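Worksheet: one structure, shown below.
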There are 2 protein chains.
Amino acid sequence: MEQVTIRDIARKCKVGVSTVSRAMNNHPDINPETKEMILKVIAESNYVPNNSARNLKRSNAKAIAILVKGMDNMFFNNMISVIEEVVRKKKYSCIIERVEEKANEVDSAIEIVKEKRLRGIIFLGGNFTHPHEKMAQIPVPYVISTIGAVSDGGKPCASVSVDDYRESYKMVDYLCGLGHRRIAIITACEDDISIGRLRLNAYRQALLDHGIPYDPDLVFHMTKDDTYSFATGYKVTKEILEKKTEFSALYATADTLAIGACRALKEAGLTVPDDISVAGFDGIDAGEYYIPSITTIRQPVEQLAAETAKMLFSLISGKEEPCSKVYDGELVVRESTKSRIAQQ
Amino acid sequence: MEQVTIRDIARKCKVGVSTVSRAMNNHPDINPETKEMILKVIAESNYVPNNSARNLKRSNAKAIAILVKGMDNMFFNNMISVIEEVVRKKKYSCIIERVEEKANEVDSAIEIVKEKRLRGIIFLGGNFTHPHEKMAQIPVPYVISTIGAVSDGGKPCASVSVDDYRESYKMVDYLCGLGHRRIAIITACEDDISIGRLRLNAYRQALLDHGIPYDPDLVFHMTKDDTYSFATGYKVTKEILEKKTEFSALYATADTLAIGACRALKEAGLTVPDDISVAGFDGIDAGEYYIPSITTIRQPVEQLAAETAKMLFSLISGKEEPCSKVYDGELVVRESTKSRIAQQ
DNA sequence: TTGTATGCGTTATCAA
DNA sequence: TTGATAACGCATACAA
């Protein structure tokens, strides 16, 4: 189990270590024959260069990382695939890091950049509400993906997302247009000031614009520990039903929540959409195949992912300054929502 | 953008670097006051130790990798979480590598071990039908997870899984017990000789044991390019329905396929389980929340994942020889299946 | 209890 | 085209 080092190879080849290094790293100034000979010995000796030493010395490891918070958010899986492809095309390597739901993704970012000498970071998910000084500590370019930039005082963050406020408004507006006046909402935890807050604010405004008074009793927050999962949607909906607050539509601010909600409603003997209309957000596959299929706001995953990668490389090459790019979501009407008139 | 190093901290604290090192690594021989002071300065200076340097010095880059094939298989997400936790507890770091559906995972493994100096590998997913010489090229211990070992001639592989044959048999036996005699099956592509084959063989045997003749017209294979996704289940079921072959139950060899199937059946005007019973395999969350909830074989994800990690570390430490561990799945009867008598 | 000096395996710089 | 050698940032044996 003894580790073979570059020195062992050098000795075996009767050359200097730097020559071995050159052979391995495709350096131009080396005799092809020497190179071939060395490579052959390397292959025979099953020598493997030590990456820690490499990274320590080398500062140009062309690699970026995707930091994913909340892997259960199935929405991200597609994003990652697309991003990986772009990254690969740029001859960069790409490491995926899952960060715990409760962990701080910025701290993770700082640490991992140090360790792996990354050239850039992509943040996927998480509640992006970090103080500017903290963000400034990230020593490489980064892009916040699927969450609108929260440029808190300092210079703007690079971000790629839909306009959560506008898209959320679209959905609530649609539900109101269907004749619903008692629309319950499941949203992020109370102190969220990220996308959860935006989607909630839009809900409020849309109601207002339809002349519907805002009723706090219809607003249900996830708790701090809840993730955007089926289970959370199910759990919160159970709580809603226990309260016996009357409502004809339920707007779950994620498709996963919406699906959990449908299940809870079904178990309570309620039919979607005949008794209750349910709407989600994101446009994940599961919502399309669910019965009833879930009315949702579809985020343009491909575009978002492609632009995220593109922007990061622009930032790395210094071609561009951090900015927010906003894409349009799409209201996808499916089976889970229904006009209130018909509903009765 | 300059990196803060341990020397900067030492200078700022007016102590030696070793003292700083001691402070960080909870060494016993250090004055608590000094330690506190140093830790404070570290926090203020947003210093992050360089892990490459650490690993280099410790000469033990304690890291393993999880190679995941088919990320859309939601089943794996939970597994990864559990494995990561165990790995973290062992003070190892853990990198996750997605491997393309069509790529060769063993080649990927060999490459990545070389590159990252891994101490072990966990294979998640993929069709494990690789020649023994190929496997032997992997220079570190590895565990094949969720797929039974295919010890092809050589010494046995380390694997952790359920007995796909036995579990699949359980399901088909259950369906037969419900009175179904025309049971369609959606299974892996024709030339699969991994879990797809096992599950199919069990189907055959179970039918036989119930005195039901095997009808090839009821067997539907995925194609080479299909993944275990909702979309595949949907697509194949559409094809089944076009054939107008009569059947009263559909056994989809993955929950994702089952869900896609339910959708297709619904669109054909068929109700599950009243017209057709549908069964899946795996026990993913989505199946539990689906309407109707999916009858399935639940794989003991936690156990599988925990044992996978445990086994890998046993292998790494040389405490154990590669072997197969088999866990029991559980038949979970839910809403998507129904007795044929009642069904009529 | 603390500081100094050495080496981990590599790459890059320089001189040969 | 090569080889010796100095970093890279850290942990630690050893000296103080």
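These numbers come from a predicted model, not from an experiment. Every chain is numbered from 1 and lettered A, B, ... according to where its sequence line falls, protein lines coming before strand lines.
Listed nucleotides: D:dC10, D:dG3, D:dA11. Nearest to the side chain of B:T5: D:dC10. Relative to the side chain of A:H27, the nucleotides C:dA12, D:dC8, C:dT4 differ in distance, and C:dA12 lies closest.
Nucleic acid contact class of B:V15 (heavy atoms, under 4.0 Å, all strands): sugar-phosphate only. At a threshold of 4.0 angstrom between heavy atoms, the contacts of A:K35 with the nucleic acid are absent. Contact annotation for A:D29: base contact, defined as any heavy-atom pair under 4.0 Å involving a base atom.
Close to D:dC10, at under 4.0 Å from its OP1 or OP2, lies no side-chain N or O of B:R54. When the side-chain nitrogen and oxygen atoms of A:S21 are compared with OP1 and OP2 of C:dT11, one or more of them lie within a distance under 4.0 Å. Regarding contacts with the backbone of D:dT2, every side-chain N or O of A:T19 stays at 4.0 angstrom or more from both OP1 and OP2. A sub-4.0 Å separation between OP1 or OP2 of D:dC10 and a side-chain N or O of B:N55 is absent.
Distance CZ (A:R7) to P (C:dC8): 7 Å, rounded to an integer number of Å. D:dC10 atom P lies 12 Å from atom CG of B:L56, rounded to whole Å. If you take CD of A:E36 and P of D:dT1, they are 15 Å apart, rounded to a whole angstrom. Taking atom CD1 of residue A:I38 and atom P of nucleotide C:dT11, one finds them 12 Å apart after rounding to whole Å. Summarising the geometry, the separation between CD1 on A:I6 and C1' on D:dT2 is reported as 14 Å, rounded to the nearest angstrom. Atom CE in B:M37 sits about 9 Å away from atom P in C:dT2, given to the nearest Å. Atom CE of B:M24 is separated from atom P of D:dT12 by 11 Å (rounded to the nearest Å). Between the C1' atom of D:dG3 and the CG atom of A:N31 lies a distance of 15 Å, rounded to the nearest Å.
In this structure, B:K90 is positioned above the aromatic face of B:F313, its NZ or CZ under 6.0 Å from the six-membered ring centre and within 45° of the axis.
A donor-acceptor contact shorter than 3.5 Å is absent between the side chain of A:N25 and the backbone of A:H27. At distances below 3.5 Å, at least one donor-acceptor pair connects side-chain atoms of A:D192 with backbone N or O atoms of A:R197.
Put simply, the side chain of B:S18 and the base of C:dT4 share a donor and an acceptor less than 3.5 Å apart. If you check distances only, the side chain of B:K57 does reach the base of C:dG7 with a donor-acceptor pair under 3.5 Å.
When the shell of 6.0 Å around CD of B:E44 is examined, it contains more than 12 heavy atoms from other residues, nucleotides or ligands.
Pairs engaging residues 18-37 of chain B under the salt bridge (charged side-chain N to carboxylate O under 4.0 Å, His left out) rule: none recorded [sequence neighbours left out].
Mapping B:A53 and A:T34 onto DNA chain D by nearest heavy atom places A:T34 at the nucleotide closer to the 5' end.
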